[in-house]
Amino acid sequence: SLKVKKTDYLRNKVMVDGLRMLLVRLRKNETLARSALVHSMGLSWKSEVSPKQAEIDYQPFDRGLAQMIGEAFGTSPDWNKVNIGIIAAEAKVREEKSHHLPKVAFLGNANYIENSLETGAATKSNLQAWSVGFGVELPLFTGFRTKQRVAEAKARLAQIKTQKAMLREGLALKIKSLFLKVQQIEAQEAISENAVATATENRSLTERAYRNDLIEAKDVFEAQMMEAMVKARRYKYHYDQVSTVAGLDLVVGRDVLGPLDILAEK
């Protein structure tokens with residue numbers, strides 16, 4: 001027809017074919033993601049899994065930066081790993097210092113043999129006997145080995161404490177970086193929400209204008225493609241936000257120490 005020229009058709013076909021190629025890549029990524037999920041669950045490669053939710057569960061992030069950092073210093077696996085290392089290093093220092101102290105031992109022995117004879121070797125003193133002993137081992141000289149082992153243990157303790165100080169700043173900086181990224185994504189998502197509404201309205205008005213011969217067909221194609229791209233971009237923001245929040249929870253250590261009961265005794 002005169003309303004839709006061949007150039008309009010070809011322009012639209014190029015865009016549609018481009019989207020088809022993108023769809024093939026997305027389906028490949030989906031297949032790989034499902035295979036990785038099967039592998040991480042310890043299932044056979046022949047197994048099939050499907051997400052329970054059809055859409056991404058997007059929820060605005062409502063936790064503060066100071067709250068996240070404070071929580072990390074109580075639940076972060078890396079932070080608690082360093083604390084456990086310090087506890088072990090302090091115990092090692094006490095162990096090495098104990099070599100300066102004497103070793104004291106109390107010994108005891110008792111024998112009773114049931115025998116009605118009282119002659120020969122079966123005398124009363126042999127049938128019933130006991131002994132008590134007391135021993136002391138005092139380290140007078142070890143070639144300064146104990147002193148150097150104590151110094152080595154203290155050096156390791158100081159090294160771990162230095163690593164803890166560096167980890168404190170590094171952990172806070174990493175949490176802040178992820179926190180700012182979440183804020184950025186949510187700001188973009190809020191703008192994309194308005195963009196989707198605008199693109200949808202623009203597509204609807206463009207289609208009505210085309211029906212009344214006010215615009216050309218290429219304008220309709222562009223409006224429809226723009227609406228699809230804006231919606232896809234918003235879905236991508238949802239995924240980025242959920243993925244970043246999950247990474248933030250991993251760094252902070254949410255719901256990690258509870259099931260494992262790490263440091264429960266301490």
Side-chain angles (χ1 to χ4, degrees), residues 22 25-26 29-30 32-34 36-37 39-41 51-93 154-199 229-266:
L22 177 61
R25 187 175 66 179
L26 291 175
N29 292 341
E30 181 186 12
L32 292 177
R34 291 175 184 268
L37 182 59
H39 178 72
S40 64
M41 295 172 64
K52 182 178 180 181
Q53 295 177 334
E55 296 183 359
I56 297 176
D57 186 16
Y58 173 81
Q59 297 292 337
F61 192 72
D62 58 354
R63 283 172 279 165
L65 177 59
Q67 175 189 354
M68 298 294 294
I69 294 177
E71 188 177 346
F73 292 143
T75 59
S76 172
D78 294 333
W79 184 256
N80 283 281
K81 181 179 179 180
V82 173
N83 287 333
I84 293 174
I86 291 177
I87 295 174
E90 290 175 344
K92 185 65 175 178
V93 172
K154 288 183 176 180
R156 290 180 178 175
L157 176 60
Q159 179 185 18
I160 298 176
K161 287 184 176 181
T162 303
Q163 293 175 349
K164 180 179 180 180
M166 296 176 63
L167 178 62
R168 175 185 293 273
E169 296 301 322
L171 188 61
L173 182 60
K174 188 172 184 179
I175 293 174
K176 184 177 181 180
S177 176
L178 292 173
F179 180 81
L180 294 176
K181 185 177 179 181
V182 172
Q183 287 188 324
Q184 173 193 346
I185 295 172
E186 290 189 346
Q188 292 174 323
E189 195 279 336
I191 297 174
S192 69
E193 182 179 4
N194 297 328
V196 168
T198 303
M229 293 175 62
V230 171
K231 288 183 177 179
R233 189 178 297 114
R234 190 184 182 204
Y235 290 141
K236 181 64 165 57
Y237 289 144
H238 287 180
Y239 168 79
D240 290 341
Q241 192 263 7
V242 173
S243 177
T244 306
V245 171
L248 184 59
D249 287 339
L250 179 62
V251 174
V252 173
R254 278 202 156 205
D255 300 328
V256 173
L257 296 183
L260 298 180
D261 291 332
I262 298 178
L263 291 180
E265 296 181 358
K266 183 175 183 300

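V93 and K154 make their closest contact through CG2-N, 3.8 Å (heavy atoms, listed as atom of the first residue, atom of the second, distance). Scanning all heavy atoms of the two residues, the minimum distance from T244 to L178 falls at CG2-O, 3.8 Å. Minimum interatomic distance between L171 and A72 (heavy atoms only, all atoms of both residues): CD2-CB, 4.0 Å. Of all heavy-atom pairs spanning G253 and P77, the tightest one is CA-CD, 3.7 Å. The minimum heavy-atom distance between L65 and K176, with the atom names listed, is CD1-CA, 3.7 Å. Counting all heavy atoms, side chain and backbone alike, H238 lies closest to I56 at O-CG2, 4.0 Å.
For E186 (side chain) and F61 (main-chain N/O), a donor-acceptor pair under 3.5 Å exists by modelled atom type. Between the side chain of S76 and the backbone N or O of V251 there is at least one donor-acceptor pair closer than 3.5 Å. Between the side chain of S177 and the backbone N or O of L173, no donor-acceptor pair lies under 3.5 Å. Not a single donor-acceptor pair under 3.5 Å links the side chain of S243 to the backbone N or O of Y239.
Two residues are said to be in side-chain contact when any heavy atoms from C-beta on lie closer than 4.5 Å; W79 and L167 meet this criterion. Side-chain contact between I175 and E71 is absent, with no heavy-atom pair separated by less than 4.5 Å.
For I191, the side chain to side chain contact (heavy atoms under 4.5 Å, CB included) test picks out no residue, with sequence neighbours left out. Shown here are the side chain to side chain contact (heavy atoms under 4.5 Å, CB included) partners of D57, two or more places apart in sequence or in another chain: Q53, Q59.
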* **R63 and F179: CA distance, side-chain angles, deciding distance, side chain to side chain contact (heavy atoms under 4.5 Å, CB included) verdict** => CA-CA 9 Å; R63 283 172 279 165; F179 180 81; 5.8 Å; no
* For the pair N83 and K164, evaluate side chain to side chain contact (heavy atoms under 4.5 Å, CB included) and give the outcome as yes or no after the intermediate values. => CA-CA 8 Å; N83 287 333; K164 180 179 180 180; 3.1 Å; yes
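We find the CD-CD distance between Q188 and Q184 to be 4.5 Å, quoted to the nearest 0.5 Å. The CG atom of L248 lies 11.0 Å from the NZ atom of K181; values are rounded to the nearest 0.5 Å. Note that OH of Y237 is 13.5 Å distant from CD of Q241, once rounded to the nearest 0.5 Å. A distance of 5.5 Å separates CG in L37 from CE in M41, rounded to the nearest 0.5 Å. Between atom CD of residue E55 and atom OH of residue Y235 there is a gap of 6.0 Å, rounded to the nearest 0.5 Å. K174 contributes atom NZ, which lies 13.5 Å from atom CD1 of I69 (distance to the nearest 0.5 angstrom).
By the 6.0 Å contact criterion, CZ on R234 is enclosed, its count of non-hydrogen atoms from other residues, nucleotides or ligands being greater than 12.
Residue pairs satisfying the salt bridge (Lys or Arg N to Asp or Glu O under 4.0 Å) criterion with at least one member in residues 76-92, sequence neighbours excluded, are listed as follows: K92-E95, K92-E96.
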